[in-house]
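Data block below; observations after.
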Amino acid sequence: VPGALLLSSSCSSSTMSLRVSTVPVLPSAPRLRFGILGLESANARAVADALERSRVAELVAVAGADVDRWCEDEDLEVRRYGSYDELVRDGDVDAVYVGTPTRLRASWCVAAALKGKHVLAEKPLAATGAEAARVVQACEQKQVVLMDAAAFVHHERSRMIVGKLRDERAFGSAPTRCDVCVDFAARSLDFVAGGDDDEPLGVVGDLGWFAAKWGLLAFGSDVARRGNATASVRRGGGGANHQQQKTTTTTADDGTHEHDHEHEHEHGKKDTTTTQKPPVELTGTVDFETGQQLQIHCSYCHAFRQDVTVSGDGCKTLRCDDFLVPKEGTASATFQVHTYADPPLQDLDGLVVSAAQTYSADNNRGTCDQKVSMIDAFVALARDPEKTAQKRRSWARAALTTQAIVDALLASAEARGRPQPIAALDTYVQGGDATLLSLAAAEKTKTNDDDDEGGGQRGQQTKKKKQQPPGPREDAVQGQGQGQGKQAGGAAAPRDDGDGDGDGEKKSKKNGTKE
């Protein structure tokens, strides 16, 4: 019953508990119409599935290489575009999931935002912090939502963990250390074998993004903004150099864009430059000026792990061994809070060193799917961007801060492990840009709104969409299904603004893990 209070109780011979939860009233507005931009992402299929099950959004269009086969495999009847540009220009699309390769992502996020479309971006947000800042700038300029697609943040368990860490009675002292390990064996990935030009950040921008995000969750992104990063990486193919294409792009004021491969041959040969291969393993430390420390290990070369441990100065430690993708086949997603006795307690049978308390959140895919929750949180912000401006900017700040941590880790690795500063938000402000200045000012005065992870009505299974007529094809595109590093047909990214510069573990040859 919309808007009702649900009461549930459980009894035993010695205990009784009462749970009270509020079911949000479903909005009367029509569903938010989504397009998927880029079918190469490992998460594109999962996002399509989540949109099918969401009650507040729907998938209406997709664009990418070999789009017809992709839609047939997914049993989708939606508008199909052979070029990204056609989808961006579609006036019947309200929001886009940008799953393009990292090298192209920022430019297409900007292009979509300038057309007034809300942006759900795959991680990392961009190849550099400067590119990410231009995405934030474009979205703020057009008053559209920007959110990075880290779905685990939206699981009910993640909200419970944040609540425990903020509760002095439950956790004791404030968290001072967070250890995150995210590994999986992905030796088939292109950049593990010999380098991938389209994913220059490698494991740091993929699994490292999740680790940085967890640091912000654990410590609070309102305080974890200044500090230094120290890192070492192992690169694909033993660290030898490889060839990478150089591309220059700009975006016109009206959102239209042209394509220009720098010195590209008329027959498609690329002008290349020598660069390092992307990282496949990262070991890093982030020391925040608050005294809090984030320890990270991410790898494409080890057996699957997804562990997080948070500890403080007191006797409490929080642990979760499946934070990214909750274990399949279990009704509950759990985590533990360990209390260590100091000094240890002596009883008749031995020494009591610690006691663990397990907490559970619903993990039923039909009622608590983290990707559906992500879509619902995104739609809640998009319904009224002016009313939700504070939360909308909070998500943009969090994404930009995560990118700054990733940048600092990579910079340290390039500097042979010397500590590198995490760029503050106002570092990206160039020429007194009003939109970024407003975000930088909000950063200095914000309180705890970053901890509000959104979340609306839980998704439910919906039927496949009815056939819609194909949209107009403004650009003839040839060579569909060619290399994954490009837009379908080999088109370059759109020109940017020119002011600088599931569930379950799945693997893909692009963009690392499927969360």
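None of the values given here were measured: they were computed from a predicted structure.
Here the side chain of Ser412 pairs no donor or acceptor atom with the backbone of Ala408 at under 3.5 angstrom. Side-chain atoms of Gln403 come within 3.5 Å of backbone atoms of Ala126 as a donor-acceptor pair (strictly under, hydrogens ignored). Listed for the Glu199 side chain is a donor-acceptor partner under 3.5 Å among the backbone atoms of Thr102. Between the side chain of Thr388 and the backbone N or O of Asp384, at least one donor-acceptor pair lies under 3.5 Å. Formation of a donor-acceptor pair under 3.5 Å by the Asp183 side chain with backbone atoms of Ser299 is found in this model. Side-chain N or O atoms of Gln306 include one that pairs as donor or acceptor with a backbone N or O of Val325 at under 3.5 Å. The backbone N or O of Lys327 lies less than 3.5 Å from a partner atom in the side chain of Asn363, making a donor-acceptor pair. Although no hydrogens or angles enter the test, the distance criterion places no donor-acceptor pair under 3.5 Å between the side chain of Arg105 and the main chain of Ala121.
Closest approach of Leu381 to Met147, counting heavy atoms only: CD1-CE, 3.9 Å. Across every non-hydrogen atom of Pro101 and Tyr84, the tightest pair is CD-OH, 4.5 Å. The shortest heavy-atom contact between Val88 and Ala111 is CG1-O, 3.7 Å. Smallest separation of non-hydrogen atoms from His154 and Ser373: O-CB, 3.6 Å. Gln370 approaches Leu324 most closely through the heavy-atom pair NE2-O, 3.1 Å. Considering every non-hydrogen atom in both Val280 and Val203, the closest pair reads C-CG1, 3.5 Å.
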*Chi angles and distances behind the salt bridge (charged side-chain N to carboxylate O under 4.0 Å, His left out) call for Arg33, Asp92*: CA-CA 7 Å; Arg33 299 168 298 180; Asp92 292 325; 3.6 Å; yes
*Evaluation steps, side chain to side chain contact (heavy atoms under 4.5 Å, CB included), between Phe219 and Leu294*: CA-CA 9 Å; Phe219 300 143; Leu294 171 63; 4.3 Å; yes
*Could you walk me through whether Arg392 and Gln143 pass the side chain to side chain contact (heavy atoms under 4.5 Å, CB included) test, one step at a time?*
CA-CA 9 Å; Arg392 176 170 54 79; Gln143 299 281 292; 3.4 Å; yes
*asked:* Please evaluate residues Tyr97 and Phe378 with respect to the criterion ring-ring contact (aromatic ring centres under 6.0 Å, His included), reporting the C-alpha separation (whole Å), side-chain torsions for both, the decisive distance (0.1 Å), and the verdict.
replied: CA-CA 11 Å; Tyr97 162 72; Phe378 183 92; over 10 Å; no
*Does the pair Val78 and Val60 meet the rule for a side chain to side chain contact (heavy atoms under 4.5 Å, CB included), with working shown?*
CA-CA 5 Å; Val78 296; Val60 298; 5.6 Å; no
*Could you walk me through whether Val308 and Ile161 pass the side chain to side chain contact (heavy atoms under 4.5 Å, CB included) test, one step at a time?*
CA-CA 11 Å; Val308 61; Ile161 289 176; 5.6 Å; no
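The CD atom of Glu131 sits 10.0 Å away from the CG atom of Leu104 when rounded to the nearest 0.5 Å. Put simply, CG on Leu201 and CG on Leu410 are 5.5 Å apart, with the number rounded to the nearest 0.5 Å. Leu32 contributes atom CG, which lies 6.0 Å from atom CZ of Arg383 (distance to the nearest 0.5 angstrom). Atoms CG and CG, on Asp369 and Asp362 in that order, are 11.0 Å from each other to the nearest 0.5 Å. In this structure, Leu400 CG and Ile405 CD1 are separated by 10.5 Å, a value rounded to the nearest 0.5 Å. Taken to the nearest 0.5 Å, the NZ atom of Lys213 stands 11.5 Å off from the OG atom of Ser158.
Using a 4.0 Å cut-off between a side-chain N of Lys or Arg and a carboxylate O of Asp or Glu, Asp49 and Arg45 do not qualify as a salt bridge. The pair Glu86-Lys115 does not meet the salt-bridge criterion, since no charged nitrogen lies less than 4.0 angstrom from a carboxylate oxygen. Taking the charged nitrogens against the carboxylate oxygens, Asp148 and Lys123 have no contact shorter than 4.0 Å, which rules out a salt bridge. The residues Arg69 and Glu72 are annotated as not salt-bridged, no charged nitrogen and carboxylate oxygen being separated by less than 4.0 angstrom. A salt bridge is defined here as a Lys NZ or Arg NE, NH1 or NH2 lying under 4.0 Å from an Asp or Glu carboxylate O, and Arg80 with Asp68 meets this definition.
Residues Pro279 and Val204 meet the side-chain proximity criterion, which asks for heavy atoms closer than 4.5 Å. Looking at heavy atoms from C-beta onward, Tyr81 lies in side-chain contact with Asp90 at the 4.5 angstrom threshold. In this structure, the side chains of Tyr300 and Leu207 come closer than 4.5 Å at one or more pairs of heavy atoms. By the 4.5 Å heavy-atom criterion applied to side chains, Val180 and Phe323 are counted as neighbours. Taking the side chain as every heavy atom from C-beta outward, Val62 and Leu39 approach each other to under 4.5 Å. For the pair Val144/Lys117, no side-chain contact is recorded, criterion being any heavy-atom separation below 4.5 Å from C-beta on. Taking 4.5 Å as the limit, some side-chain heavy atom of Arg157 sits within range of a side-chain heavy atom of Asp322. Put simply, the side chain of Lys371 reaches to within 4.5 Å of the side chain of Asn43, judged on heavy atoms.
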